[in-house]
Amino acid sequence: MKVLICGAGIAGLTLAWWLRRGGAEVTIVEKAAGPRSDGYMIDFFGSGYDVAERMGVLGELREIAADIVELVYTDPRGRRAGGLRYASARAVLGGRVLSLMRGGLESVLRSCLDSGVEIRYGTSVAAVRDVPGGVECELTDGTVSRAGLLVGADGIHSAVRGLVFGPEERYLRPLGYHTASYLLRDTGLAEEVGRRAVLVSVPDRQVGIYPTRDGALAAFLVHACPETALPADPRAEIAARYPGMGELAGRVLSHCPQDPYYDCVAQIRMPRWSRGRVVLLGDAAHAVSLMAGQGASMAMGGAYTLAVELLGADTEAALERYERRMRPFALGKQESGRTAAGWMVPHQAWKIAVRNRLSGLAELPGGGAVMGRAFRRLSESVIPAA
Ligand SMILES: Cc1cc2nc3c(=O)[nH]c(=O)nc-3n(C[C@H](O)[C@H](O)[C@H](O)COP(=O)(O)OP(=O)(O)OC[C@H]3O[C@@H](n4cnc5c(N)ncnc54)[C@H](O)[C@@H]3O)c2cc1C
């Protein structure tokens, strides 16, 4: 089987690995000029962790994982308002959770790909035509590629989805927030933050800072914003949106680069994920949003599920079965993402206070059991037990 994957992100790389292992011929086209690095900090558990274990890459992932001991909520004056010890979260997840930079995860997935997988950087899909037994794709480098299947693994703003299923507005559901992230280096700030992830919260805004494995810090900003359209100058927008968040947040914001990662926080909801010999995977099909905190895991779980189905049945039946297995999970995670949004970055001060108090639940008598149930539901995996 010949498969063309659009997007060398978490979903595309994982799918390529599993398909190659099953003997498929795989080419990936990736819009970026080269491997993307850095990004933002990801809590990695559930389906993604299970798939990584089956790929035999947990050792490499542990080596690059950040060693965070605690998540701390503070007010702008730096006063601790709540928090969660990572050891408590790890314990209820049976130790099966890692804090990874998105770029680090992608880099491990890329490095374990066999050399038979070609990744064509700086290239995308410009047009798609059905042909007997497959698709013919015009690529942006002027070449034409024929394959038995085209997989759109090109993220929340998927070009393949736009070409085959129609415009983004039909499927994109904004959750009312914008987000930004960037890496920074500041020795004094790194010493102050230590091994903690610190989140400074006020109504409608949150500035987060996470220590990475190599001494850099990952900034993570979220603010309420009803607009879907993105600002022309994200850095200026950030400067305008985050005044008065206190000294620590101010130092984080002072490092904002000219071109940070910036996007609206949204989900993708579609009635079908495949049409003919074109199928969508990961965020392109069912972005759950950062509020659900499981998009990377869902991308890997979906890639594994799609590969297993494709290697075991004819393409049409495989696409049906992939969707039947994945959809209930995706819908469930999307629902938790919508519920979580109002608690992750509350609009009201009272809600911030309640969230901060509840974050310490695990440390109270009986609280561990309650949190355990919530975390186990959250980490439910699409991967059947081995
Ligand atoms: C701030 C933030 C925090 C997050 N935190 C978490 C978390 O804690 N846990 C978690 O599991 N998930 C988290 N997520 C979500 C997670 O990052 C995504 O769900 C995940 O990256 C989806 O993987 P993907 O491969 O489907 O898409 P992507 O990671 O978006 O990869 C898509 C790839 O396709 C490429 N591409 C895009 N357009 C084209 C095109 N036209 N042609 C060719 N290539 C193209 C891109 O360059 C990229 O390489 C977070 C997301 C954000 C923004």
Side-chain angles (χ1 to χ4, degrees), residues 1-21 24-40 42 48 52 55 57 60-61 64 100-129 134-164 168 181-183 214 216 218 230 234 257-263 278-285 287 295-296 299-300 302-303 306-307:
M1 181 200 302
K2 199 170 165 191
V3 180
L4 178 66
I5 300 174
C6 183
I10 296 165
L13 294 167
T14 308
L15 179 69
W17 191 90
W18 285 100
L19 287 178
R20 268 306 283 174
R21 190 166 175 262
E25 195 181 323
V26 182
T27 302
I28 307 180
V29 290
E30 163 61 49
K31 180 175 78 169
R36 299 186 309 163
S37 59
D38 308 324
Y40 36 79
I42 284 178
M55 293 170 76
V57 296
E60 284 96 319
L61 292 178
I64 60 161
L100 300 170
M101 289 301 288
R102 191 216 57 214
L105 171 58
E106 283 184 5
S107 156
V108 167
L109 294 172
R110 212 167 31 244
S111 68
C112 68
L113 271 187
D114 111 17
S115 56
V117 177
E118 186 195 3
I119 305 183
R120 292 165 68 174
Y121 288 104
T123 311
S124 184
V125 176
V128 183
R129 282 183 292 276
V135 280
E136 189 173 79
C137 301
E138 271 176 39
L139 303 181
T140 52
D141 63 4
T143 60
V144 172
S145 176
R146 272 190 175 226
L149 183 69
L150 167 65
V151 182
D154 48 350
I156 189 163
H157 303 297
S158 169
V160 171
R161 189 182 61 229
L163 290 170
V164 177
E168 180 165 298
S181 63
Y182 49 90
L183 264 190
D214 71 350
L230 301 179
Q258 192 52 51
D259 193 18
Y261 166 84
Y262 189 106
D263 205 351
V278 181
V279 65
L280 300 176
L281 179 67
D283 273 9
M300 289 183 73
L306 179 58

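Heads up: numbering here begins at 1 and tracks the sequence. In this text, all values refer to a predicted model and were calculated from it rather than measured experimentally. These values consider heavy atoms only, across backbone and side chains, with no hydrogens, waters or symmetry-generated copies.
- When every heavy atom of Gly122 is checked against every heavy atom of Thr140, the shortest pair comes out as O-OG1, 4.2 Å.
- Considering only heavy atoms from C-beta on, Leu105 stays 4.5 Å or farther from Arg102 through its side chain.
- Taken from CZ in Arg21 to SG in Cys112, the straight-line distance is 11.0 Å, to the nearest 0.5 Å.
- Note: Tyr182 and Tyr261 fail the aromatic proximity criterion, with ring centroids not under 6.0 Å apart.
- At least one side-chain heavy atom of Leu13 sits less than 4.5 Å from a side-chain heavy atom of Ile119.
- Of all non-hydrogen atoms in Ala52 and Leu61, the two that sit nearest each other are CB-CD1, 3.8 Å.
- If you check the side chains of His157 and Asp263, you find a donor sitting under 3.5 Å from an acceptor.
- For Asp259, the CG atom is loosely surrounded, since the number of other residues' heavy atoms within 6.0 Å does not exceed 12.
- Considering only heavy atoms from C-beta on, Leu4 stays 4.5 Å or farther from Lys2 through its side chain.
- For the pair Val278 and Leu149, the tightest heavy-atom approach, listed with the atom from each and the gap, is N-CD1, 4.3 Å.
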(request) Report the C-alpha separation of Val3 and Met1 in whole Å, then their side-chain angles, then the decisive distance to 0.1 Å, and conclude whether the side-chain contact (heavy atoms from CB on, under 4.5 Å) test is met. (result) CA-CA 6 Å; Val3 180; Met1 181 200 302; 3.4 Å; yes
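- For Ser107 (side chain) and Gly103 (main-chain N/O), no donor-acceptor pair under 3.5 Å exists by modelled atom type.
- Counting heavy atoms from C-beta on, the side chains of Leu19 and Glu25 never come closer than 4.5 Å.
- Judged purely by atom type and a 3.5 angstrom limit, Asp154 uses its side chain to pair as donor or acceptor with the backbone of Val160.
- One finds the CD1 atom of Ile5 at 5.0 Å from the CD1 atom of Ile28 (value rounded to the nearest 0.5 Å).
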(request) Given side-chain contact (heavy atoms from CB on, under 4.5 Å), test Val151 with Cys6 step by step and report yes or no. (result) CA-CA 6 Å; Val151 182; Cys6 183; over 6 Å; no
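- Glu30 places a side-chain N or O within donor-acceptor distance of the main-chain N or O of Ala8, the cut-off being under 3.5 Å.
- The CH2 atom of Trp17 sits 10.0 Å away from atom CG of Asp114, with the distance rounded to the nearest 0.5 Å.
- Expressed to the nearest 0.5 Å, how far CG of Leu109 lies from CD1 of Ile10 amounts to 7.0 Å.
- Contact of the Arg36 side chain with the Glu106 side chain is registered, since non-hydrogen atoms from C-beta on lie closer than 4.5 Å.
- Comment: Asp141 engages Arg120 in a salt bridge, judged by a side-chain N to carboxylate O separation of less than 4.0 angstrom.
- Using a 4.5 Å heavy-atom threshold, the side chains of Glu138 and Val125 count as separate.
- For the atom pair Glu118 CD and Thr27 OG1, the distance stands at 5.0 Å (nearest 0.5 Å).
- Shown here are the salt bridge (charged side-chain N to carboxylate O under 4.0 Å, His left out) partners of Glu136, two or more places apart in sequence or in another chain: Arg129, Arg146.
- Among all heavy-atom pairs drawn from Leu139 and Ser145, the shortest one is CD1-CB, 4.0 Å.
- In this structure, Lys31 and Tyr121 have side chains that are not in contact, with every pair of non-hydrogen atoms separated by 4.5 Å or more.
- Between Gly282 and Ala11, the closest heavy-atom pair is CA-CB, 4.2 Å.
- Residues Met101 and Ile64 are not in side-chain contact: their nearest non-hydrogen atoms beyond the backbone lie 4.5 Å or more apart.
- The two residues Ala287 and Ile156 come nearest to each other via the heavy atoms CB-CD1, 3.8 Å.
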